[in-house]
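The structure appears below as C-alpha cells.
Basis for what follows: all heavy atoms, side chains included, without hydrogens, waters or symmetry-related copies. Order of appearance sets the numbers: ligands from 1, and atoms from 1 within every ligand. Starting from 1, each residue takes its place in the sequence as its number.
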Amino acid sequence: MDWSSLFSMQKKLDSYIESNHQLENKDVFHDKYLALLVELGELANETRCFKFWSNKPRSSDSVVLEEYVDGIHFILSLGIEKGLYYHSIELENTSVSETEQFNSIFELCVKFNNNPVQENYDRLFYNYLLLGQILGFTEVDIQDAYFKKNEINYERQNQGY
Ligand SMILES: O=c1ccn([C@H]2C[C@H](O)[C@@H](COP(=O)(O)O)O2)c(=O)[nH]1
C-alpha cells in the first residue's frame, strides 16, 4: 500500500491548521506526540480490550476505525515534522493480542520521541498498521477512513473548532 498520498494530504492539512492558528514558526512536535498518546488511549478505550472487569461490548467497527485514523493523522504528522516518510512493507501474520499491541505501540512512541530517527519511525508506523490488522481493518479501510476524517478536520477548522 502506498502512503504517499496520505503524507501529502497530511502536510496540507497541518499547514492549514498551523496558519489558521498562527503557529507557522512554533515547534509543535511535543504537542503532536502527546496528542498521539491521547489518541491511542481513546482508541484502546473504544475497543475496551483491557477492561477485564466489564461486560459492556466494544464500540462499533466504524467508531473504532474513526478513532484509529486519528492516530494515523498524528503518526503521519510526526513523520512530516522530522522529514521522515514510511515505505510500506508487507505486514506479518500475528497472534499478538490487542492489549499487547497497544502496550508495544506506547513503548515505540516513547522511543520515537526520545530519538526521532527513521528506524524508530518505521517501527512505530509498522506496528500501528499491525494494530489495524489485529483490529480487523484492511489498509483500504484505513485509507478510506483517513480520507473522510481528513475532510472532517478541514470542516472543523472552518467552523472555528
Ligand atoms: O496538526 C494537526 C492537529 C490535529 N490534526 C487532526 C488529527 C485528528 O484527526 C484530529 C484530532 O482532533 P481532536 O478530535 O482530538 O480534537 O485532528 C491534524 O491532523 N493535524
Check your understanding: Looking at Glu18 and Lys11, does any basic side-chain N land under 4.0 Å from a carboxylate oxygen?
Key -> no
Practice item. Ignoring hydrogens and angles, state whether a donor on the side chain of Ser97 or Thr99 is under 3.5 Å from an acceptor on the partner side chain. Key: no
Review point. Above 12 or not: heavy atoms from other molecules or residues under 6.0 Å from CD of Glu151?
Key: no
Check your understanding: In chain order, what residues pass the side chain to side chain donor-acceptor pair (under 3.5 Å) check against Ser95, with sequence neighbours excluded?
Key -> none
Quick one: side chains of residues 49-57, donor-acceptor pairs under 3.5 Å with protein atoms, not counting sequence neighbours, listed by atom name and distance.
residue: Ser54; atom: OG; partner: Arg48; partner atom: NH2; Å: 2.9
residue: Ser54; atom: OG; partner: Lys56; partner atom: N; Å: 3.2

Practice item. Among residues two or more places apart or on two chains, list those pairs meeting salt bridge (Lys or Arg N to Asp or Glu O under 4.0 Å) that have a residue in residues 86-104. Key: Arg58-Glu98
Every pair of nitrogen or oxygen atoms between ligand 1 and the protein that is under 3.5 angstrom apart - can you list them with their distances to 0.1 Å?
residue: ligand 1; atom: 9 (O); partner: Asp70; partner atom: OD1; Å: 2.6
residue: ligand 1; atom: 9 (O); partner: Asn153; partner atom: ND2; Å: 3.0
residue: ligand 1; atom: 14 (O); partner: Arg156; partner atom: NH1; Å: 3.0
residue: ligand 1; atom: 14 (O); partner: Tyr161; partner atom: OH; Å: 3.3
residue: ligand 1; atom: 15 (O); partner: Glu39; partner atom: OE2; Å: 3.1
residue: ligand 1; atom: 16 (O); partner: Tyr161; partner atom: OH; Å: 2.3
residue: ligand 1; atom: 17 (O); partner: Asn153; partner atom: OD1; Å: 3.4
residue: ligand 1; atom: 19 (O); partner: Gln10; partner atom: NE2; Å: 2.8
residue: ligand 1; atom: 20 (N); partner: Asp14; partner atom: OD1; Å: 2.9

